[in-house]
Amino acid sequence: MDIPKRYDPAVSREKWYQFWLDHNLFHADPKSEKQPFSIVIPPPNVTGKLHIGHALNNSLQDILCRYKWMDGYEVLWMPGTDHAGIATQNVVEKNLAKENLTRHDLGREKLIERIWEWKKEYGDTIIHQLKYLGSSCDWARTRFTMDEGCSRAVREVFVRLYEDGYLYRGNYLVNWCPRCHTTLSDDEVEYTDAKGAFYHIHYPFADGAGHVTVATTRPETMLGDTAVAVHPDDDRYQDLIGKEVILPLMERRIPVIADSYVDREFGTGALKVTPAHDINDFELGKRHNLEQVNIFNDDATINENGGVYQGLDRDECRKRVVADLKTKGLLEKIEEIDHRVGGCYRCNTVTEPYLSLQWFIKMKPLMEEPLKAVRDGRIQFIPKQWENTYFSWVENVRDWPISRQIWWGHRLPVWYCNDCDEITVSRTDPDVCAHCQSVNIRQEEDVLDTWFSSALWPFSTMGWPDKTEELAKFYPTNVLVTAHDIIYFWVARMIMMGLYIMKDIPFEDVYITALVRDSQGRKMSKSLGNAIDPIDVIDTYGVDSVRFTLAILAAQGRNINLAEDRIEGYRNFTNKIWNAARLILAAVEEGETIERDIPPEKLEWADGWILSRLQHAIDAARKGMEAYKFNEASEALYQFIWHEYCDWYLELIKPRLYGEDLVAQAVVKSIAFQALECALRMLHPFVPFITEELWQFLKPLGIPEEDTISIMRARYPDPDPSRIDDSLENEVRKFQQVVYTIRNIRGELNIAPSTVTTVEFKTDNGQEEIFLKQYYPMLTTLCRINKDLIAGADLAPHPAASIGIVDGMEVRVHWPAEVEEKEIERLKKQIEQLNAIVEQRGKKLANPNFTGKAPEKVVEQERQRYEKEKSECEQLTTQLELLTAK
RNA sequence: GGGCGAGUAGCUCAGAUUGGUUAGAGCGCCUGCCUUACAAGCAGGAGGCCGCAGGUUCGAUUCCUGUCUUGCCCACCA
């Protein structure tokens, strides 16, 4: 039976993906009797394009899901996308800019309409790409953080938080662009290094002569100062703490406070405190209950709090303030200083920390359970070290500002009454104020932080707040697969919301993937735009190759710098699998049935050996999968298939496969077939397409699960300990060493492959002679040596042969021609190498510290090795002497 | 500034919770092979003071300390 000479990954990908969809194999049935296994996808941004990080993350999730399907679970992989507030709004606003429009030209409703249109047209890009990758998500359930159900969940949770007293409004400093009149998120502020001036200013004491000198880069903000701060242990300022100083220009009395935040080494060690215009001063001010004096209008001109400076632009104001201080003799000096200035990512205008009213969640009480859940092991991070990252955040959690001054997102279900000023928070849109029944109410303009809806993802996607059968069957989920950089933003908050709303953890395991970095070692991120498109490498090498590469590189808790030649290497591996199958299939006829139960007595050593090795491979693959050690599982399969099954077993069976003996032929076909088929099952989670394609070829030849439509539903193999034969494996290992030895000598001496040489074995061990008799026929095929076995204890030294030693047995390869010089060289080299080892070990054994203190077992082991190596060394030396004496 | 990692072959990376064979893989390199599954292949080979310095130990690439280099997260310096 012939199959195509080349595997075509692109054709295969389309064909089988459609096949799986047509047979509904990704669908999770909540009514199933099977054990549940569930994963919710980390929802990619709708604006997103699949980058290599997604490819890694989703390949691993897919590997887990396919493994669990095969292992008999009912698997739900819940897919969906995130509305990604600011990112998405920005994309659409940029498009508007091309039409010379701003969002203000459109207004809120029209802009949101535009964004929905955009989402409809482009929002599925990443979903298509996930399919391209082979993801086995239950696509019929695909969710979106702003779809109706998720929005209802968001609203319900918000109202509950409010009712339970976890929400409040408070002042908060946001990044403000005075030109765009908009708030900016932290990553929309771009910092640049700049030369600045460092002004040293005298603040006179209120109770008489003298002053304290403060240093600042922003003298104009002093109009809003409400304190001076020093370090509590600073000897220079001990007398000052608790006193008052006069704020120059404003002539206001302000206190001197002590706070360990102040750096004694920096500037003068005395800090002017402007709570309304600096983030640190803001925190400081909160700790000391300082007044927040806002001196700016929203275009960064000075407001009424700035006294005579009202109306001035901030730069103009700075000049005037400095000039006035100089006039009054309060300016001690101006230094140059390097510092960093934050600018608006759009217009580069220097941003201003700006005080505004925001909504907050009180985090401390809500984070108590999440802390316990990880401490007591209900949730565990893999690798475990990431728990530290989690703890460090949870233990020092600050209140979460959840309102955002943009339009795209979940608008807060909060209404303010224009008459009584009370707040109405409601599950349904209210017509009147809940407090005074006035119809004169207005809804909050702000929307919620994107992470708010993400935090509900594990249960909102399953239909909460309704009591659904999905929730009953699949919540909590089994594992979350994500990257470490969102442990704070996302993982911790999901745990919080799960425990608060569902009274149960959202997932048991958190597998933190390594971070795929770009060629310069930089993190790949959505916003940086430096992501490599994995679609390209999929098109070049095939999706299976890309997936296998990612899996085998996915060691725990490390970074991955992806090199393309690696993918090429594993593409060759998929090619190898294909060709191994071709070899088997070429030997069977269409419609032939492969025997499955071969009586043990018909098996030859090679058959028993590969079956034994297969059990180890199954064991390693399973252990790797269960421990999230994808690299170990895939490595074990790679080694088994290429270097055991292909390199050895398929070579060993060729004489029987192509021989006349039909019984022997049937035996090797059966074993080769079964081992291959078993390997395909284990490989399927990693390389689903090629394994499905080959499986479909193999299926009619005798795979027992006749009702199995796809390899996706075939059983994942279990190791069969009765198949393991250690003594046989040891024997074969010895056989392989003999082969290596002969080939090595042939190679080193450049004996042409076509030349048949004579090999003799010197051994005084009866067991070894039996061994040789059994294995010799295969040696002749693999090493091109004479058909007649020459072995015994009384062989005379051979002057025209090279010797290699395997377990004390001399393997003598006779020379076909003049190769003496090369052989002497080779022998010398080997003796030298062996001598070094023997010497080192001898020293170790001569050391009474070692023999006295190391465990008996280790010493004995060392001694045996020493004896063996020493005698081998002597054998070689004898041969060398023989040659050089000639 | 705080925290967490990482430095192993020419390149990209495993290995180390249990210290003890001659430290591995892919790619690259060298030699020889188009042997009827595969040249995307086969056989053989070269290449490593496991960052540096101390310490613990009979023994350290592995454990500890320091140091240099480097990456990431958080806070960003009035």
Side-chain angles (χ1 to χ4, degrees), chain A residues 3 5-7 191 198-199 214-218 221 229 261-263 265-274 278-281 284 337 339-340 384-386 388-389 392-393 396 484-485 487-488 515 517 521-523 541 545 549 552-553 555 557-587 631-632 635 638-639 646-647 650-651 654 658 739-740 743-748 750-754 782-784 833-834 836-837 840-841 844 847-855 857-859 861-862 864-865 869:
Chain A
I3 64 171
K5 195 164 172 167
R6 286 257 155 132
Y7 172 63
Y191 289 91
F198 204 29
Y199 302 87
V214 301
T216 179
T217 54
R218 298 201 57 193
T221 63
Y261 163 74
V262 180
D263 180 353
E265 310 299 319
F266 195 84
T268 63
L271 167 69
K272 66 188 263 317
V273 183
T274 323
D278 181 278
I279 183 69
N280 295 301
D281 294 8
L284 204 58
I337 191 174
H339 64 155
R340 286 169 49 164
K384 206 170 179 60
Q385 60 182 65
W386 293 114
N388 290 332
T389 307
S392 76
W393 188 74
N396 303 300
H484 69 78
D485 54 344
I487 289 175
Y488 301 143
L515 215 52
R517 302 215 240 113
R522 291 180 311 175
K523 177 186 161 188
Y541 302 105
S545 319
T549 307
I552 210 164
L553 288 180
R558 316 254 309 158
N559 293 312
I560 296 173
N561 286 14
L562 188 68
E564 199 167 311
D565 58 14
R566 203 85 204 223
I567 303 175
E568 191 180 341
Y570 294 115
R571 186 273 316 270
N572 296 352
F573 176 55
T574 59
N575 185 53
K576 192 75 179 174
I577 300 169
W578 184 258
N579 279 295
R582 268 184 72 210
L583 174 78
I584 313 282
L585 287 167
N631 57 325
E632 292 182 9
E635 186 84 47
Y638 180 93
Q639 284 300 326
C646 290
D647 283 356
L650 292 185
E651 293 305 322
K654 276 178 182 173
Y658 300 137
V739 173
Y740 288 139
R743 281 176 176 170
N744 173 279
I745 290 169
R746 290 187 65 124
E748 295 264 306
N750 275 332
I751 298 173
S754 52
L782 295 185
C783 303
R784 291 263 180 159
Q833 277 177 4
L834 203 52
I837 296 163
Q840 203 185 344
R841 216 185 292 285
K844 202 178 195 178
N847 183 351
N849 277 328
F850 172 67
T851 48
K853 295 187 184 175
K857 244 173 73 182
V858 174
V859 177
Q861 196 183 20
E862 284 293 302
Q864 279 175 13
R865 283 180 194 146
E869 285 155 3

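A, B, ... follow the sequence lines: proteins, then strands. Residue 1 opens every chain. As the structure is a computational prediction, the values presented were derived from the model and not from experiment.
The gap from the C1' atom of rG41(B) to that of rG48(B) amounts to 28 Å, rounded to the nearest Å. Taking atom P on both rU21(B) and rG5(B), the two are 27 Å apart, rounded to the nearest angstrom. Nucleotides rU18(B) and rU31(B) have their P atoms positioned 47 Å apart, rounded to a whole Å. Taking the C1' atom of each, rA60(B) and rG20(B) are spaced 10 Å apart, rounded to whole Å. Nucleotides rC27(B) and rC74(B) place their C1' atoms 37 Å apart, quoted to the nearest Å. Using atom P as the reference point in both rC30(B) and rG47(B), the two lie 15 Å apart (nearest Å). On the P atoms, rG2(B) is 27 Å away from rU62(B), given to the nearest whole Å. Remark: the separation of the C1' atoms in rG71(B) and rU57(B) is 33 Å, to the nearest Å.
The nearest heavy atom of RNA chain B to Cys646(A) and to Gly747(A) marks one nucleotide each, and the one closer to the 5' end goes with Cys646(A). Where Pro855(A) and Gly569(A) each meet RNA chain B at their nearest nucleotide, the meeting point lying more 5' is that of Pro855(A).
Within 6.0 Å of atom CD in Gln840(A), 12 or fewer heavy atoms from other residues, nucleotides or ligands are found, so the atom counts as exposed in its surroundings.
Contact of Arg571(A) with rA40(B) (side chain to base): a donor-acceptor pair of N or O atoms is detected under 3.5 Å. Side-chain to base pairing of Arg218(A) with rA78(B): no donor and acceptor N or O lie closer than 3.5 Å to each other. In the interface, the side chain of Glu651(A) is paired with the base of rA37(B) through a donor and an acceptor atom under 3.5 Å apart.
Comparing rC58(B), rG41(B), rG44(B) by their nearest atom to the side chain of Asn572(A) picks out rG41(B). You'll find that the side chain of Pro753(A) is closest to rC33(B), out of rA37(B), rG45(B), rC33(B). When the nucleotides rG20(B), rA37(B), rC74(B) are ranked by their closest atom to the side chain of Leu650(A), rA37(B) comes out on top. For Arg841(A), whose side chain is taken as the heavy atoms from C-beta onward, the closest listed nucleotide among rU21(B), rC38(B), rC58(B) is rU21(B). Listed nucleotides rA25(B), rA78(B), rG20(B) differ in distance to Val262(A); the shortest reach to its side chain belongs to rA78(B). If you check rA40(B), rG45(B), rA43(B) against the side chain of Asp647(A), the one that comes closest is rA43(B). The side chain of Tyr740(A) has rG44(B) as its nearest neighbour among rG26(B), rG44(B), rC42(B). Of the candidate nucleotides rG41(B), rG26(B), rG44(B), rG26(B) has the atom nearest to the side chain of Tyr638(A). For Lys654(A), counting side-chain heavy atoms from C-beta on, the closest listed nucleotide (rC58(B), rA37(B), rU21(B)) is rA37(B). Comparing atom distances between the His484(A) side chain and each of rA37(B), rC72(B), rC58(B) picks out rC72(B) as nearest.
Pairing for rU12(B) is with rA25(B), a Watson-Crick or G-U wobble pair whose two hydrogen-bonding atom distances lie under 3.5 Å. In this structure, rA46(B) makes no Watson-Crick or G-U wobble pair, since no nucleotide meets both defining distances under 3.5 angstrom. A 3.5 Å limit on both hydrogen-bonding distances identifies rG5(B) as the Watson-Crick or G-U partner of rU70(B).
At the heavy-atom level, Arg865(A) lies under 4.0 Å from base atoms of the strands shown. Across all strands, Thr217(A) comes closer than 4.0 Å only to sugar-phosphate atoms, never to a base (heavy-atom distances). Using a 4.0 Å heavy-atom distance criterion, Ala854(A) is classed as a base contact.
Take Arg841(A) and apply the salt bridge (Lys or Arg N to Asp or Glu O under 4.0 Å) test, not counting sequence neighbours, and it matches Glu862(A), Glu869(A).
To the nearest angstrom, P of rA40(B) lies 20 Å from CZ of Arg566(A). A straight line from CG of Asp281(A) to P of rC76(B) spans 11 Å, rounded to a whole angstrom. In this structure, the CD atom of Gln861(A) is 14 Å from the C1' atom of rG59(B), given to the nearest Å. Atom CG of Asn631(A) is separated from atom P of rG15(B) by 6 Å (rounded to the nearest Å). The OH-P distance, from Tyr658(A) to rU35(B), rounds to 14 Å in whole Å. Counting to the nearest Å, the C1' atom of rA40(B) and the CH2 atom of Trp578(A) are 15 Å from each other. Distance CG (Asn280(A)) to C1' (rG2(B)): 14 Å, rounded to an integer number of Å. Rounded to an integer number of Å, the gap from NZ of Lys384(A) to P of rC4(B) is 17 Å.
Closest approach of Thr221(A) and Thr274(A) over heavy atoms only: O-CG2, 3.3 Å. Asn631(A) approaches Ile552(A) most closely through the heavy-atom pair CB-O, 3.3 Å. For Thr574(A) against Arg571(A), the heavy-atom pair with the smallest separation is OG1-O, 2.6 Å. Taking both residues in full, the closest heavy atoms of Leu284(A) and Ala229(A) are given as CD2-CB, 4.0 Å, listed atom of the first, atom of the second, then distance.
Between Tyr570(A) and Tyr638(A), the ring planes lie perpendicular to each other; the angle is over 60°, past the 30° to 60° tilted range.
Between the Arg746(A) side chain and the Cys783(A) main chain, a donor and an acceptor come within less than 3.5 Å of each other.
A close approach under 4.0 Å does occur between a side-chain nitrogen or oxygen of Asn744(A) and OP1 or OP2 of rG45(B). Between Lys5(A) and the phosphate of rC38(B), there is a side-chain N or O to OP1/OP2 separation shorter than 4.0 Å.
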